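So the structure is just underneath, and the comments pick up after that.
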Amino acid sequence: EEKVELTEPKTVYLPDGYTNISFGTSELAKAMQRYCIKRGFSIQLLSKYGVGYCTKGQLFGYLIIPFYYNGQLRYYNARNVLGNGSRYNNPNRDITGVGKEFIIFNHDALFMYKTVYLCEGAINALTMGEKGIATMGKSVSRYQINEIIKSPVEHIIILLDHDAQDKAVDLAMKLVNFKKVKVILFPDDRDVNDLGKKR
């Protein structure tokens with residue numbers, strides 16, 4: 001196991017103006033719910049994961065996806081849906097105590113299931129359901145790899161985007177001595193969420 005410098009996680013709160021995706025009757029609420037349904041999600045399922053949106057402040061119009069570790073909020077994704085800002089506006093390390101390279105979305109799945117689906121982003125992981133995890137980017141950090149190796153999960157199915165096939169294969173080579181690994185190579189630029197999950 002490689003050692004990396006990790007600061008102590010801080011107490012994290014959801015941003016000001018956060019509202020659960022299943023609540024609200026405003027035009028903003030309806031627009032956010034329509035966006036999620038268009039992406040193939042059930043509002044009830046997203047509500048269960050604590051997914052919501054912001055009604056004010058600098059994250060107005062952003063979809064908020066919380067990252068919980070054993071029921072404790074550790075981080076959140078803020079994805080722009082209706083605003084004019086950057087595509088993502090995630091909390092800084094000074095707020096959370098950790099950077100995204102030290103975070104895995106749905107980390108608890110590594111300890112609950114024998115098989116998990118490793119995706120780039122949280123939306124893709126949510127598409128895969130309770131067994132979906134996300135590493136927040138194409139490049140998986142040494143810390144995230146160590147977390148996967150140390151966990152009891154047995155089988156990793158890697159579902160990185162089409163433009164990260166080389167990184168997917170590289171990640172598989174780093175895991176294959178410790179876990180059963182399968183790499184899914186997409187033939188075009190569609191990702192997990194575009195293809196959906198057969199239910």
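Model, not experiment: these values are computed from the prediction.
Summarising the local packing, CG of D188 is surrounded by more than 12 heavy atoms from other residues, nucleotides or ligands at distances under 6.0 Å.
Side-chain atoms of Q165 come within 3.5 Å of backbone N or O of F186 as a donor-acceptor pair. Judged by distance alone, with hydrogens and angles left aside, the side-chain atoms of T55 form a donor-acceptor pair with the main-chain N or O of G17 at under 3.5 Å. Checked by atom type and distance alone, the side chain of E154 never pairs as donor or acceptor with a backbone atom of T115 at under 3.5 Å. Between the side chain of N106 and the backbone N or O of G132 there is at least one donor-acceptor pair closer than 3.5 Å.
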Audit row: Y76, L59, side chain to side chain contact (heavy atoms under 4.5 Å, CB included) steps and yes/no: CA-CA 12 Å; Y76 62 83; L59 295 182; 4.2 Å; yes

Side chain to side chain contact (heavy atoms under 4.5 Å, CB included) assessment of T135 paired with L118: CA-CA 7 Å; T135 54; L118 189 151; 4.1 Å; yes

Steps toward salt bridge (Lys or Arg N to Asp or Glu O under 4.0 Å) verdict (E120, K167): CA-CA 11 Å; E120 282 186 34; K167 295 185 183 298; over 6 Å; no

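D161 places none of its side-chain heavy atoms less than 4.5 Å from the side chain of D189. Residues L126 and Y49 have side chains in contact (heavy-atom distance under 4.5 Å, counting atoms from C-beta outward). Two residues are said to be in side-chain contact when any heavy atoms from C-beta on lie closer than 4.5 Å; I157 and V116 fail this criterion. Looking only at side-chain heavy atoms (C-beta outward), I184 and K182 come within less than 4.5 Å of each other. Taking the side chain as every heavy atom from C-beta outward, V12 and R74 never approach each other to under 4.5 Å. In this structure, I123 and I65 have side chains that are in contact, with non-hydrogen atoms separated by less than 4.5 Å. The closest side-chain heavy-atom distance from L160 to C119 is not below 4.5 Å. With a 4.5 Å cut-off on side-chain heavy atoms, Y62 and S86 count as touching.
Atom CG of L159 sits about 8.0 Å away from atom OH of Y117, to the nearest 0.5 Å. Summarising the geometry, atom CD1 belonging to I104 is positioned 9.5 Å from atom CD1 belonging to I145; distances are rounded to the nearest 0.5 Å. In this structure, Q72 CD and F67 CZ are separated by 15.0 Å, a value rounded to the nearest 0.5 Å. Separating the CD1 atom in I158 from the CG atom in L171 is a distance of 4.0 Å, to the nearest 0.5 Å. Between atom SG of residue C54 and atom CG of residue N80 there is a gap of 11.5 Å, rounded to the nearest 0.5 Å. Put simply, CD on Q44 and CD1 on I21 are 11.0 Å apart, with the number rounded to the nearest 0.5 Å.
In this structure, L185 is a member of the same hydrophobic cluster as V140, with clusters built from ILVMFWY side-chain heavy atoms closer than 4.5 Å. In the hydrophobic clustering of ILVMFWY residues, with side-chain heavy atoms under 4.5 Å counting as a link, V51 and L82 come out together. The same ILVMFWY cluster, assembled from side-chain heavy atoms under 4.5 Å apart, contains both Y69 and Y75. Under the 4.5 Å side-chain contact rule for hydrophobic residues, V169 and I149 do not share a cluster. Each of Y18 and F60 belongs to its own hydrophobic cluster when Ile, Leu, Val, Met, Phe, Trp and Tyr are linked at side-chain heavy-atom distances under 4.5 angstrom.
Shortest non-hydrogen contact noted between Y53 and N20 is CE2-O, 3.6 Å. When every heavy atom of L73 is checked against every heavy atom of P66, the shortest pair comes out as CD1-CB, 3.7 Å. I148 and K179 make their closest contact through O-CE, 3.2 Å (heavy atoms, listed as atom of the first residue, atom of the second, distance). The minimum heavy-atom distance linking Y113 with E130 is given by the pair OH-OE1, 2.7 Å. The two residues V183 and A172 make their nearest non-hydrogen contact at CG2-CB, 3.5 Å. Across A109 and I133, no two heavy atoms sit closer than the pair CB-CG2, 4.0 Å.
Applying the side-chain contact (heavy atoms from CB on, under 4.5 Å) criterion to K180, with sequence neighbours excluded, gives H155.
A donor-acceptor contact under 3.5 angstrom links the side chains of N77 and N90, judged on distance only. Counting only N and O atoms by type, the side chains of N193 and R39 include a donor and acceptor under 3.5 Å apart. Of the N and O atoms on the side chains of R79 and Y35, at least one donor lies less than 3.5 Å from an acceptor on the other residue.
The aromatic rings of F102 and Y143 sit perpendicular to each other, their planes meeting at more than 60°, with 30° as the lower class boundary.
With salt bridges taken as basic N to acidic carboxylate O contacts below 4.0 Å, none links E147 and R142.
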